[in-house]
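Notes for the one structure printed next.
Numbering starts at 1 and runs along the sequence shown.
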Amino acid sequence: MDVLYLAALCAVPGLGRTKLPQLIKQLGSAQAVFEADGRTLLQTGLCKPTGITRFLDARQLDLPKKIAVFCRQYGVRLLSIYDEDYPASLKEINDPPLILYVKGILPQQPYNIAIVGSRAASHYGLRAAEFFARSLAKENIPVISGGARGIDTAAHKGCLQENGITVAVLGCGIDIAYPPDNQALFQRICERGAVISEYPPGTSPRPQNFPARNRIIVGLARGVIVAEAARKSGALITAHIAADEGREVYCVPGNIFEGKSIGCHDLIRNGARLIDGPQEIFEDIKNWYLAKQRQPLQPNIFDLPDAYAEPKPQPQLSKLGQKLYNLLAQGPLTLEELTVQSGEDLAAISMELLNLQIEGYLDLDVAQRYYRM
């Protein structure tokens, strides 16, 4: 299976990760690259002699088999960049990982939010991370983080408290629980989402791994919340990567007397968005979905006239959603009018209307009245 050879190629140093796609294309497969001799690799013109020597010295020809045994033993799936279900948002970053070790199931939602911050977080920072994670989970928005102590742990736990989907991206091999006291948390994450790593089994949590890990966190998310970060926090690296990759960066303001949020305040001064609640994020998510749905379609000369078109199927909605959808059959209504006519709670109606907009069943006109699409 070629994915095993790709994983083996990524695990052996020397050829350079960025050169591997070109080598695979030139030699025909990951297996051909992995099993190539020095002369073949040199003839590609893509590898330096010193790199080839390093690769050949470190290569173990039975490594693909060892990786296969590991994956079976630990219930790990290998996901390559060439697979159809590789996350689309992750492919968009400058240096996407060629291989991922996945334990659990990656979320299918196209819009995820990352929550990052300091390991040595204050009580306030932990509360903020948990609050935003719980709010996102209630709306079925997956939470991405790094599995570290502090803010990451609070984000994962907050999401799980609401039975949400969360993903932990490790800076070590997937068989290593780091930090060790999060081993039980990682097991829970696998049950509701996934623990993933690009590093081969047995890779220790070296400091240089974590900046690279951060790009995967950014790649899996459409926006990044920095819940708390001091001026030298590693979370700032994630925020800068997110900005460079065109992701939205949100920052939670902090206590000016403690200094644990100075990094967040610096980010806000430089263009990150201050948030003190989830509503602004929900609005961005709604607009993103609506923009995707409104992408212009090319006209088709074979389209049937309305009189001959198939009847539009009724949407599958919740009880409250169907009630609101039926009320709008007679024409546009404001939020206040829908509240009065439905007799339902205002907060519940607001959230259901947001869901209906995201699903493309409703929209707002210039008079802020809801109407059926």
Side-chain angles (χ1 to χ4, degrees), residues 1-74 76-84 86-87 90-102 146 169-176 178 196-220 234 237-238 240-241 244-245:
M1 191 178 186
D2 214 46
V3 67
L4 292 170
Y5 286 94
L6 179 59
L9 279 173
C10 292
V12 180
L15 300 184
R17 184 179 62 199
T18 58
K19 297 287 182 63
L20 291 180
Q22 296 170 271
L23 283 167
I24 291 169
K25 184 176 182 180
Q26 192 168 138
L27 296 184
S29 69
Q31 181 176 355
V33 177
F34 184 77
E35 295 179 343
D37 57 24
R39 176 181 290 183
T40 302
L41 292 171
L42 190 60
Q43 287 174 345
T44 64
L46 296 169
C47 308
K48 294 181 179 179
T50 52
I52 293 173
T53 300
R54 187 183 179 201
F55 172 74
L56 295 177
D57 288 345
R59 180 180 65 180
Q60 300 174 19
L61 290 174
D62 63 345
L63 182 56
K65 183 178 179 180
K66 289 180 178 178
I67 292 173
V69 171
F70 166 82
C71 289
R72 284 196 300 269
Q73 182 178 349
Y74 286 89
V76 171
R77 178 192 174 199
L78 285 175
L79 183 65
S80 87
I81 197 170
Y82 303 105
D83 292 330
E84 289 185 2
Y86 186 93
L90 190 54
K91 282 186 179 179
E92 296 171 3
I93 66 173
N94 290 322
D95 182 22
L98 300 179
I99 203 82
L100 289 173
Y101 295 81
V102 180
V169 186
L170 304 184
C172 56
I174 202 168
D175 56 331
I176 297 175
Y178 181 78
I196 70 171
S197 176
E198 70 172 325
Y199 296 106
T203 303
S204 60
R206 295 186 289 267
Q208 63 267 29
N209 293 353
F210 292 93
R213 179 277 310 263
N214 293 346
R215 84 189 194 286
I216 300 177
I217 294 175
V218 169
L220 289 172
I237 297 174
T238 310
H240 290 306
I241 294 172
D244 290 342
E245 295 290 352

Distance check, rounded to the nearest 0.5 Å: [X] atom [atom1] versus [Y] atom [atom2]?
X	Y	atom1	atom2	result
Leu4	Gln31	CG	CD	10.0 Å
Asn209	Asn214	CG	CG	11.0 Å
Leu79	Ile99	CG	CD1	7.5 Å
Leu9	Arg17	CG	CZ	13.0 Å
Leu27	Leu41	CG	CG	7.0 Å
Thr44	Lys25	OG1	NZ	14.0 Å

Which pair of non-hydrogen atoms, one from [X] and one from [Y], has the smallest distance, and what is that distance?
X	Y	answer
Leu100	Leu90	CD1-CD2, 3.8 Å
Gly202	Asp175	N-OD1, 3.0 Å
Leu56	Ala36	CD2-O, 4.0 Å
Pro49	Leu42	CG-CD1, 4.1 Å
Pro96	Tyr86	CB-OH, 3.7 Å
Ile24	Leu6	CD1-CD1, 3.7 Å

**Message:** In the structure I gave you, are the side-chain heavy atoms of Ser204 and Tyr178 within less than 4.5 Å of one another anywhere?
**Reply:** no
**Request:** Answer whether the closest heavy-atom distance between the side chains of Ile67 and Pro200 falls below 4.5 Å.
**Result:**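 They are not in contact (no side-chain heavy atoms under 4.5 Å apart), so the answer is no.
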**Request:** Test side-chain contact (heavy atoms from CB on, under 4.5 Å) on Tyr199 and Ile176 and set out the steps.
**Result:** CA-CA 11 Å; Tyr199 296 106; Ile176 297 175; over 6 Å; no
**Request:** Over 60° means perpendicular and under 30° means parallel, so classify the ring planes of Phe70 and Tyr101, tilted if in between.
**Result:**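 The rings of Tyr101 and Phe70 stand perpendicular, inter-plane angle above 60°.
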Using atom types as modelled and distance alone, determine if a side-chain donor or acceptor of [X] lies under 3.5 Å from a backbone N or O of [Y].
X	Y	result
Asp2	Ala30	yes
Ser197	Cys172	yes
Asp57	Arg54	no
Arg213	Gly146	yes
Arg59	Phe34	yes

**Request:** Could you walk me through whether Leu220 and Ile196 pass side-chain contact (heavy atoms from CB on, under 4.5 Å), step by step?
**Result:** CA-CA 11 Å; Leu220 289 172; Ile196 70 171; 3.7 Å; yes
**Request:** Evaluate whether atom CZ of Arg39 has more than 12 neighbouring non-hydrogen atoms of other residues, nucleotides or ligands under 6.0 angstrom away.
**Result:**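 No, because the 6.0 Å sphere around CZ of Arg39 holds 12 heavy atoms or fewer from other groups.
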